[in-house]
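These notes are about the structure you will find just below.
Just so we're on the same page: letters track the sequence lines, and every chain starts at 1.
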There are 2 protein chains.
Amino acid sequence: MAPRVGLTPERLTRAGAELADEAGFEEVTVSALARRFGVQVASLYSHVKNSHDLKTRIALLALEELADRGAAALAGRAGKDALAALANVYRDYAREHPGRYAAAQLRLDPAAAAASAGVRHSQMTRAILRGYDLTEPDQTHAVRLLGSVFHGYVSLELGGGFSHSAPDSDETWTRVLDALDALLRNWPAPRLP
Amino acid sequence: MAPRVGLTPERLTRAGAELADEAGFEEVTVSALARRFGVQVASLYSHVKNSHDLKTRIALLALEELADRGAAALAGRAGKDALAALANVYRDYAREHPGRYAAAQLRLDPAAAAASAGVRHSQMTRAILRGYDLTEPDQTHAVRLLGSVFHGYVSLELGGGFSHSAPDSDETWTRVLDALDALLRNWPAPRLP
DNA sequence: ACACTTGCCTAAAAGCTTTAGGCAAGTGCA
DNA sequence: TGCACTTGCCTAAAGCTTTTAGGCAAGTGT
């Protein structure tokens, strides 16, 4: 055995993300990761504080990757084009990397959350809304709605909620994007009680 | 110690649900439950197949409770009234019982899923759509959209995504419901490419 | 009163987490 | 080149969770 394998927090995080995609995020464990590197379990504790720390790092990696993809997809697009592009980033990422996507759903403590790419995500959604005519408080409402739909749809679809029933989930997805576009172009005023 | 505590699968499931709400669904463990009943760990294995079985039972309980509340809330309501009532059932349940709500998100194997209250949930959402003018394929699209928004919003809100930023999440929630109502009253035709 | 069922017990193996302390492979500096 | 120093991975060990196997005695039915 090579005396030094070259462990680093970054390599552990990447390997953990791969393991999550292959076996599911719940299977990501310090032991499993050590096994994967052919190394004793205790060795990982020099690079990672504990199991929770490892999972948090994977979550932060996933959020960064998602934000990077989102930024790339948004470049040069506006309006419905931009809306669909960002939405597809989330959906495609979740399908390609289900374990990482699950990791991104991890509840982060406030410290980690502040240092995460979470802000970039809401900024990207807000950027999309520049193509529509919404004033300030409504923009925030719309950001939250879009976030809810993207996350909710992807998460239900990944859980198998839409499989085995017609029509096809792809068709619903395009119709949902049509509907959101229509809604944003015609955002309703607050309803008086 | 009383020689027989009176364990049953039902009591274990209920106690597990309470534990989930108090400590979080990840803390629900056969050991913790045994501790709570003042009983040896191995004793639980006569009533519950294994850890996964226990969690599945809690998930099924939560789905049933949610469906019951939904049915009660929907009785005698239609249109936007019904929409808001069902939506609030999800949101309120998640706030009152965060652990149970997390349990309801558990990936069920197809067997358990078929025996779950999942069908009642989509039927209730479909019932709401009777107050709007949608024909068949669009109804399914709308059911999926509503499910996504309800689940997505509640889950982001529970994760703290909307706290510590103005405006208040309650306000966004009512505006989101207004928006969904408007959207359903004005459901867009498929956009031709 | 009897056998029978069954509820909870003890025992034990196996896996994951985490801490403490050690040795030797690399690194820096004279 | 040789030395001290850092640090990467190791062994050891304790604690907790899961799960199976087998046992005794509290209830149940006849």
Side-chain angles (χ1 to χ4, degrees), chain A residues 1-61 99 102-103 106-109 111-112, chain B residues 1-61 99 102-103 106-109 111-112:
Chain A
M1 311 280 162
R4 285 183 193 203
V5 188
L7 302 181
T8 66
E10 289 69 32
R11 282 192 67 193
L12 290 175
T13 305
R14 270 198 302 275
E18 284 161 23
L19 176 57
D21 287 335
E22 291 164 19
F25 187 54
E26 329 72 43
E27 301 302 315
V28 173
T29 189
V30 184
S31 296
L33 212 51
R35 225 172 285 134
R36 185 168 267 236
F37 278 97
V39 142
Q40 293 300 313
V41 188
S43 305
L44 301 206
Y45 283 82
S46 316
H47 305 278
V48 141
K49 259 219 317 286
N50 51 35
S51 181
H52 183 260
D53 179 37
L54 171 65
K55 286 174 191 157
T56 299
R57 284 170 190 267
I58 298 174
L60 294 177
L61 171 69
L106 187 72
R107 279 252 218 308
L108 299 173
D109 39 296
Chain B
M1 311 282 163
R4 283 184 195 202
V5 188
L7 302 180
T8 66
E10 290 69 31
R11 283 192 66 193
L12 290 175
T13 306
R14 269 198 303 275
E18 285 162 24
L19 177 57
D21 287 335
E22 291 164 19
F25 187 54
E26 330 73 44
E27 300 304 315
V28 173
T29 188
V30 184
S31 296
L33 212 50
R35 226 172 286 135
R36 185 169 267 236
F37 279 96
V39 142
Q40 292 301 313
V41 188
S43 304
L44 301 207
Y45 283 83
S46 316
H47 305 278
V48 141
K49 262 219 313 288
N50 51 37
S51 180
H52 183 259
D53 179 37
L54 171 64
K55 286 175 191 156
T56 300
R57 284 171 191 267
I58 299 174
L60 294 176
L61 172 68
L106 187 72
R107 278 255 218 304
L108 299 173
D109 38 298

task = Whole angstrom is fine here: how far is it from CG in B:Leu33 over to P in D:dT19?
result = 13 Å
request  = For DNA chain D, determine which residues of residues 41-58 of chain B have any heavy atom closer than 4.0 angstrom to one of its atoms, and list them numerically.
outcome  = B:Val41, B:Ala42, B:Tyr45, B:Asn50, B:Ser51
Rounded distance in Å - CG (A:Leu7) to C1' (D:dC10) = 12 Å
message = Applying salt bridge (charged side-chain N to carboxylate O under 4.0 Å, His left out) as the test, list every pair that has at least one member in residues 37-55 of chain B; sequence neighbours left out.
response = B:Asp53-B:Arg57
Under 3.5 Å donor-acceptor pairs involving side-chain atoms of residues 5-14 of chain B, not counting sequence neighbours:
from, atom 1, to, atom 2, distance (Å)
B:Thr8, OG1, B:Glu10, N, 3.4
B:Thr8, OG1, B:Arg11, N, 3.0
B:Arg11, NH1, B:Val5, O, 3.0
B:Arg11, NH1, B:Gly6, O, 2.9
B:Thr13, OG1, B:Pro9, O, 2.7

key: Euclidean distance, atom CD of residue A:Glu27 to atom P of D:dT18 [Å, nearest integer]   = 14 Å
Enumerate all atom pairs, one protein N or O and one N or O from nucleotides 13-15 of chain C, separated by less than 3.5 Å.
none

note = CG (B:Leu108) and CG (B:Leu60) are apart, to the nearest 0.5 Å, by 5.5 Å
query = If you look at every heavy atom in B:Ala103 and B:Ile58, which pair is closest and at what distance?
reply = CB-CG2, 3.8 Å
request  = Specify the residues of residues 13-26 of chain B, ordered by number, for which at least one heavy atom lies under 4.0 angstrom from an atom of DNA chain C.
outcome  = none
ask   = Going from OG on A:Ser51 to CG on A:Leu44, what distance comes out if it is rounded to the nearest 0.5 angstrom?
value = 10.5 Å
ask   = Rounded to whole angstrom units, what separation is found between the CZ atom of B:Arg11 and the C1' atom of C:dC8?
value = 14 Å
Spatial distance of atom CG (A:Leu19) from atom CG (A:Leu54) [nearest 0.5 Å] = 9.0 Å
query = side-chain contact (heavy atoms from CB on, under 4.5 Å) between B:Val28 and B:Leu33: does it pass, once the steps are laid out?
reply = CA-CA 7 Å; B:Val28 173; B:Leu33 212 50; 5.7 Å; no
ask   = Atom CG of A:Asp109 and atom OG1 of A:Thr56: how far apart are they, to the nearest 0.5 Å?
value = 6.0 Å
Side-chain N,O (B:Thr29) to OP1/OP2 (D:dC16) below 4.0 Å = no
message = Show the nearest heavy-atom pair for residues A:Phe25 and A:Gly99, with the distance to one decimal.
response = CB-O, 3.9 Å
request  = Look at the side chain of A:Val30 and decide which nucleotide, out of C:dT17, D:dC10, C:dT10, has an atom nearest to it.
outcome  = C:dT17
message = Show me the pairs that pass salt bridge (charged side-chain N to carboxylate O under 4.0 Å, His left out) and involve residues 33-44 of chain A, at least two apart or across chains.
response = A:Glu18-A:Arg36, A:Glu22-A:Arg36
ask   = What integer distance in Å separates A:Leu12:CG from D:dG8:P?
value = 12 Å
